[in-house]
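Written out below as structure tokens is the structure these notes cover.
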Amino acid sequence: MTTIEQLSALSQILAQGNLHSLFQPIVSLSERRILGYEALTRGPSNSPLHSPIPLFAVARQSGRLSELELACRESACRRFSELQLPGKLFLNISPESLLEASHQPGRTLQLLKTYGIAPSQVVIELTEQAPIDDFSLLHTALHHYRAMGFSIALDDLGAGYSSLRLWSELRPDYVKIDRHFIDGIHQDAVKREFVGSILQMAKASRAQVIAEGIELPEELAVLAEMGVDLLQGYLLGRPQEQPAHEAQQLLPLLEARPGALQDEGCDLSALLNQQPAVHAEQTIGEVLAAFRAQANLNSMAVLDEQQQPIGIVHRHSLTDALLKPFATDLLARKPISRLMSDDFLAVELEQSLQQVSRLLTSRARQRIEEDFIITHKGIYHGLGRVIDVLKLITELKIQQARHANPLTLLPGNVPIQQCLSRVLQQEREALICYVDIDNFKPFNDIYGYAKGDEVLLCLAHCLSERVDPTCDFVGHIGGDDFLLVLSSKDWRKRLHQLQEDFQGQCRRFYRPEHLQAGCFSATNRQGQRQEFGLLTLSIGVVHLHPQACAQLDASQLAELASQAKHHAKGVPGYSLHIVDTLLANNQSPNSAARAS
Ligand code: C2E
Ligand code: MG
Ligand code: MG
């Protein structure tokens with residue numbers, strides 16, 4: 001397509017104003033509601049400029065960007081208002097358009113007024129489209145929009161040239177993590193590290209994190225586990241002309257989470273206070289009476305007809321509202337929905353303590369005396385107290401530290417036993433992998449214990465990187481013995497990658513002559529010099545099937561894994577020895593063992 005044809009297609013679109021706005025929901029996991037929608041523009045379906053990328057590129061080249069931006073914004077606001085979409089409207093804006101002579105200041109506010117949208121509902125998404133020397137342009141854009149009462153999101157974090165600098169200079173209210181970091185995050189420890197760091201920086205700068213481009217339930221499970229609360233992607237909803245209004249329609253997917261194997265305090269039953277709730281149409285007078293009658297009531301959930309939470313009333317805010325002169329008389333007969341807050345945290349009963357703690361700390365405004373709501377399948381179940389979460393988390397941390405291996409800080413034998421018992425109790429299919437380093441003892445003799453410790457730390461790191469944190473477990477039995485419990489379907493691939501990672505990482509520990517020779521020599525137990533191969537792994541695997549769980553206890557399972565490891569050690573170099581519990585039931589485990 002020639003440039004002339006492109007320009008004519010653009011002119012036609014602008015003249016006829018036939019742009020379409022699609023809306024993609026952004027969902028809050030903890031609040032089980034739609035935070036808002038991102039407006040995404042499309043040209044006419046038969047036009048070569050249907051997709052926004054070429055559409056905006058042509059407009060940029062021909063100096064008609066601000067004209068196009070304005071047309072997109074007008075379409076987005078009109079449709080948002082016509083569809084009566086709840087929550088916030090996220091608008092993409094190219095900062096350069098502010099510089100064009102045709103830019104008309106004040107038009108956006110006018111548009112919002114026409115369509116009855118409050119500026120506080122609008123979030124402006126800024127992206128860096130090219131390497132920028134001129135930070136002042138984005139600053140100008142930011143001040144321009146903040147002054148109008150809009151919130152600011154930094155879009156595509158990690159994709160641009162200077163995202164971190166932009167973040168620190170612009171101090172956005174939201175940061176949207178680029179799709180690249182979300183794609184396959186369940187299989188990529190480096191991506192998880194990135195997202196973890198982004199979450200920490202967000203906490204420090206009081207920005208809320210949105211993960212973009214979630215396509216798979218596994219990606220969602222990892223993000224939820226890490227404490228990312230705001231989610232966007234095809235899995236939850238594609239950009240659509242008429243998107244869903246209710247998060248419940250999108251939410252069943254969120255419950256498909258494989259069970260965690262780490263001891264995260266199981267579910268939230270220990271936190272549950274079964275306090276009464278009120279319905280939205282009940283009067284402020286009735287709520288006041290309930291608070292008077294129960295001195296230890298901090299908060300009350302407000303429910304809709306389906307018993308789902310839609311708001312919360314805190315004792316302190318009710319008191320503040322009623323302190324005004326004559327307020328009690330004026331308000332007593334009004335519905336509680338007038339005074340409730342819709343900024344609340346609701347968590348599902350089966351979420352883990354760790355998740356709730358992360359969600360609480362990621363909230364911008366969370367007061368310690370404000371309770372959160374606990375639901376079961378979306379229905380109100382009771383309230384939880386922030387102080388109880390802190391207490392339980394502290395206890396759990398102390399317990400974990402007491403049972404951790406002092407070198408690697410991985411869970412030691414007590415949590416390993418607990419994990420095996422849990423797997424048997426849950427009657428689930430799992431791979432119990434006993435991992436041992438070949439030639440570790442002679443390596444220690446030649447290189448010394450300090451280097452030996454470095455090797456153990458290196459293996460601990462490789463193990464933690466190769467597992468799926470939402471469903472797998474890593475423990476350190478002691479010395480060079482580690483135990484993995486894998487539930488991931490791609491376990492074989494993970495074990496082979498583990499071996500490759502470990503061998504690669506270990507190269508930095510050897511002296512050049514040993515590396516070159518591919519072996520090192522040391523004195524063996526009989527006092528003679530002997531040559532040993534470089535460090536590799538022997539892994540004994542027990543393939544546990546649900547049918548076999550009732551016949552085994554945790555110690556027998558650990559013993560089977562240890563036997564499998566002994567078989568693996570009999571083979572020089574990297575080896576994997578698999579014992580299948582289904583076959584082992586009929587015959588002795590050893591004879592049923594399949595080496596691979
Ligand atoms: P963006 O703002 O980063 O928007 C997200 C893009 O990712 C959208 O592409 C969306 O359809 C896509 N997406 C969302 N979820 C998923 C997912 O799970 N998987 C995959 N593979 N993709 C997903 P789209 O609509 O083609 O827009 C592309 C870009 O065009 C946007 O990137 C934005 O920078 C720009 N754009 C779109 N509409 C406008 C607009 O009205 N004004 C301005 N200035 N830019 C716009
Ligand atoms: Mg965007
Ligand atoms: Mg984006």
Side-chain angles (χ1 to χ4, degrees), residues 10 13-14 17-27 35-43 45 47 49-60 64-80 88-100 103 108 111 122-130 137-138 141 145 151-160 163 166-167 172-185 198 209-220 223 228 230-241 243 250 253:
L10 176 69
I13 291 173
L14 287 173
N18 52 4
L19 288 161
H20 300 276
S21 301
L22 305 185
F23 295 93
Q24 188 177 29
I26 301 174
V27 179
L35 169 76
Y37 298 82
E38 176 172 4
L40 293 158
T41 300
R42 297 285 178 271
S45 53
S47 164
L49 302 183
H50 174 66
S51 156
I53 308 283
L55 176 67
F56 280 86
V58 173
R60 188 169 289 119
R64 302 188 74 177
L65 194 57
S66 71
E67 217 180 317
L68 175 65
E69 285 283 349
L70 192 62
C72 293
R73 217 168 302 168
E74 129 82 39
S75 157
C77 293
R78 180 169 38 80
R79 287 299 292 154
F80 187 79
K88 295 184 187 288
L89 171 61
F90 286 72
L91 290 171
N92 289 289
I93 290 204
S94 320
E96 313 99 282
S97 66
L98 292 176
L99 292 182
E100 287 182 2
H103 170 70
T108 309
L111 267 179
V122 175
V123 184
I124 300 293
E125 294 196 8
L126 294 173
T127 328
E128 166 199 15
Q129 257 112 13
L137 171 59
L138 277 167
Y145 291 114
S151 306
I152 304 294
L154 183 57
D155 201 0
D156 305 332
L157 183 82
S163 303
L166 282 179
W167 186 349
D173 307 276
Y174 299 89
V175 288
K176 301 187 76 176
I177 308 178
D178 189 62
R179 209 166 64 217
H180 165 78
F181 295 100
I182 308 303
D183 180 21
I185 190 168
I198 289 172
V209 173
I210 301 174
E212 285 191 299
I214 306 170
E215 292 185 359
L216 302 173
E218 292 85 351
E219 293 164 351
L220 177 57
L223 292 165
V228 178
L230 299 176
L231 313 163
Q232 185 181 0
Y234 291 170
L235 181 68
L236 296 142
R238 287 186 174 254
Q240 278 175 321
E241 298 235 18
L250 316 169
L253 287 164

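Counting starts at 1 for both ligands and their atoms, following the listed order.
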Within a distance under 4.0 Å of any heavy atom of [X], pick out the atoms of ligand 1 and give their elements.
X	result
Gln24	14 (C), 15 (N)
Gly233	15 (N), 18 (O)
Glu69	42 (N), 43 (C), 44 (N)
Asp156	3 (O)
Ile214	18 (O)
Pro239	11 (O)
Ile53	28 (C), 29 (C), 30 (O)
Ser94	44 (N)

Practice task
Please indicate whether any nitrogen or oxygen in Thr127 is less than 3.5 Å from any nitrogen or oxygen in ligand 1.
Solution key: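 No - when backbone and side-chain N and O of Thr127 are compared with those of ligand 1, no distance drops under 3.5 Å.
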Practice task
Output all residues satisfying salt bridge (Lys or Arg N to Asp or Glu O under 4.0 Å) with Arg79, sequence neighbours left out; order by chain, then residue number.
Solution key: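 With sequence neighbours excluded, Arg79 shows a salt bridge (Lys or Arg N to Asp or Glu O under 4.0 Å) to Glu82, given in chain and number order.
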Problem - Partner set under salt bridge (Lys or Arg N to Asp or Glu O under 4.0 Å) for Glu125, not counting sequence neighbours - result: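 Result, salt bridge (Lys or Arg N to Asp or Glu O under 4.0 Å) vs Glu125: Lys176.
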Practice task
Anything under 30° is parallel, anything over 60° is perpendicular, the rest tilted; go ahead and classify Phe80 against Phe23.
Solution key: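 Taking Phe23 first and then Phe80, their aromatic rings sit tilted (interplane angle of 30° to 60°).
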Should [X] and [Y] count as side-chain neighbours, where that means a heavy-atom distance under 4.5 Å?
X	Y	result
Leu157	Phe181	no
Val209	Ile177	yes
Leu126	Asn92	no

Practice task
Nearest 0.5 Å please: distance from the CG atom of Leu19 over to the CZ atom of Arg73.
Solution key: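 One finds 12.5 Å between CG of Leu19 and CZ of Arg73.
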Exercise for the section: Rounded to the nearest 0.5 Å, what's the gap from SG on Cys72 to CD1 on Ile93? Could you check? Expected result: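 These two atoms lie 10.0 Å from each other.
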Report the part of [X] (side chain from C-beta onward, or backbone N, CA, C, O) that has a heavy atom under 4.0 Å from ligand 1; answer both or neither where that applies.
X	result
Arg42	side chain
Asp155	side chain
Leu235	neither
Gln232	neither

Problem - Under-2.8 Å neighbours of the Mg ion (ligand 2), protein N/O/S atoms only - result: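 For the Mg ion (ligand 2), the figure is 4.
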Problem - ligand 1 contacted by Arg73 (non-hydrogen, < 4.0 Å) - result: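 Judged by the 4.0 Å heavy-atom criterion, Arg73 does not count as contacting ligand 1.
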Exercise for the section: Answer with yes or no whether Arg238 contacts ligand 1, where contact means a heavy atom under 4.0 Å from a ligand atom. Expected result: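 No; Arg238 lies far enough from ligand 1 that no heavy-atom distance drops under 4.0 Å.
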Handout entry: Gln240 side chain to Gln24 side chain, donor-acceptor N/O pair below 3.5 angstrom
Key =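 On atom types as modelled, these side chains do not qualify, holding no pair under 3.5 Å.
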Exercise for the section: Just go through Tyr234, Phe90, Phe56 and tell me whose heavy atom is the nearest to atom 13 (N) of ligand 1. Expected result: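 Result: the heavy atom closest to atom 13 (N) of ligand 1 is in Tyr234.
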Handout entry: The one among Leu40, Asn92, Ile93 that brings a heavy atom closest to atom 10 (C) of ligand 1
Key =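 Ranked by closest heavy atom to atom 10 (C) of ligand 1, first place is Leu40.
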Problem - Shortest non-hydrogen separation from Ile26 to Leu230 and the atoms involved - result: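 The answer is CG2-CB, 4.4 Å.
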Practice task
Might you point out which heavy atoms bring Leu10 and Ala59 nearest each other, and give the distance in Å?
Solution key: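 Heavy atoms of Leu10 and Ala59 come nearest at CD2-CA, 3.7 Å.
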Handout entry: Glu74 side chain to Ala71 backbone, donor-acceptor under 3.5 Å
Key =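 Here the side-chain-to-backbone pair does not exist.
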Handout entry: Backbone of Leu65 reached by a side-chain donor or acceptor of Glu69 within 3.5 Å
Key =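 The answer is no, because no donor-acceptor pair under 3.5 Å joins these two groups.
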Exercise for the section: List for me each residue that meets side-chain contact (heavy atoms from CB on, under 4.5 Å) alongside Leu22, sequence neighbours excluded, and say none if there are none. Expected result: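 Expected list: Arg42, Pro239, Glu241.
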